[in-house]
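Shown next, in structure tokens, is the structure this report addresses.
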Protein chains: 2
Amino acid sequence: MQEFCILNKPDARFYMSQELDRIDAALLNAVQRNNRLTSDELAELVNLSPTACHRRLKRLRAEGVIEADVSIVSPKAVGRQVTVIVLVSLERERADIIDRFKTAIRNTREVMIGYYVTGDADFILVVTAKDMEGYEEFTRRFFYENHDIKGFKTMVVMDRVKASFVLPIDV
Amino acid sequence: MQEFCILNKPDARFYMSQELDRIDAALLNAVQRNNRLTSDELAELVNLSPTACHRRLKRLRAEGVIEADVSIVSPKAVGRQVTVIVLVSLERERADIIDRFKTAIRNTREVMIGYYVTGDADFILVVTAKDMEGYEEFTRRFFYENHDIKGFKTMVVMDRVKASFVLPIDV
DNA sequence: TATGAAATTGCCACTTT
DNA sequence: AAAGTGGCAATTTCATA
């Protein structure tokens, strides 16, 4: 049923932006930081009735402006003490090799995010592990056994400065 | 200052993990992907009563295992077509310079995440911009006017392979 | 504003130490 | 026996037409 909406109306994600007004922006800025706020609390924040806030958020979710609603789990609390950023270079930039590598990323639990990028590297991965030994074990499994990979550079995260994926939203 | 918190109230994040049982793990794995599931739905998923699920999640939030509950906004939908990953090297690795740079990150809207890392670079930033021109304007403002910065390397994101911050949680 | 749905709490039972 | 956790039911709060 939600699929229907998405198929029927062209997906807002790709030509939006003028369709968002100041109040939408305020709502998004709020729920980006805390999506458990009630409609009443949001209403207070943006000077609108609770019902109107609710309707707007429903629309933003249906249109795909809000992609997901998630809980952020502390890596350390679940036993992943180590976060590492890895720059990966592939042997060659060929579509099938790239696709194969994307699939490997998707199928590997340790990789939280993978970016396919231009520039010095081909991919940038954010990887979590229990400890450095666990990371090493991961590299053996993920990198050394993969012939598509020319090389990789490891950078261990000592501190994360901004917590999450909060976008600046104006309009 | 963060140390203080840790000293004062024992922060669950640092000695947990055996305190999480299989059901906690299942709940976390669910809400990491969708935190709008009702207690009834969660109950069904993990084979427990809705009340118990609710109480467990409340505990996980209070203990900091769940750090936050947020909506993920589509960058494109809010007019940020370009995502860039930047490797930054500082002139010298001195505590005050590092702290100053962290503050700069916190105060700069375009920077979504900043990692302080070991290795070839000192910081890795995830930056969003309206377009490449907007990114260039950002580099002028953020990098060229900052004397602590030795250099930076830009890598434009062409594709994001995994969407979000979903951790593998076993127990 | 009215309705039903969901979150939240008190109370008691059961299990583990 | 005490502490911790689960389940039911009642109440309050919230979502939604």
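Note on naming: letters A, B, ... go to the chains in the order of the sequence lines (proteins, then strands), and numbering restarts at 1 for each one. As the structure is a computational prediction, the values presented were derived from the model and not from experiment.
Separating the CG atom of Leu37(B) from the C1' atom of dA15(D) is a distance of 16 Å, rounded to the nearest angstrom. Separating the CG atom of Leu57(B) from the P atom of dT8(C) is a distance of 10 Å, rounded to the nearest angstrom. A straight line from CZ of Arg59(B) to C1' of dG6(D) spans 13 Å, rounded to a whole angstrom. Following rounding to the nearest Å, Ile23(B) (CD1) and dG6(D) (C1') show an atom-to-atom distance of 10 Å. What separates CG of Leu20(B) from P of dG4(D) is a distance of 17 Å, to the nearest Å. Rounding to whole angstrom units, CG of residue Asn35(A) and C1' of dA15(D) are separated by 15 Å.
Side-chain atoms of Arg56(B) lie closest to dT5(D) of the nucleotides dT5(D), dA6(C), dC14(D).
Ile124(A) places none of its side-chain heavy atoms less than 4.5 Å from the side chain of Tyr116(A). At least one side-chain heavy atom of Leu20(B) sits under 4.5 Å from a side-chain heavy atom of Leu28(B).
Near-neighbour residues of DNA chain C inside residues 40-55 of chain B, defined by a heavy atom below 4.0 Å, number-ordered: Thr51(B), His54(B), Arg55(B).
Ring-centre distance between Phe142(A) and Tyr135(A): not below the 6.0 Å cut-off. The aromatic ring centres of Tyr144(A) and Phe138(A) sit 6.0 Å or more apart. The ring of Tyr115(B) has its center no closer than 6.0 angstrom to the ring center of Phe123(B).
Between the CG atom in Asp40(B) and the CG atom in Leu45(B) there is a gap of 11.5 Å [rounded to 0.5 Å].
Between Lys58(A) and dA17(D), a side-chain N or O to OP1/OP2 separation shorter than 4.0 Å is present. Phosphate contact (OP1/OP2 of dA7(C), side-chain N/O of Ser39(B), threshold under 4.0 Å): present.
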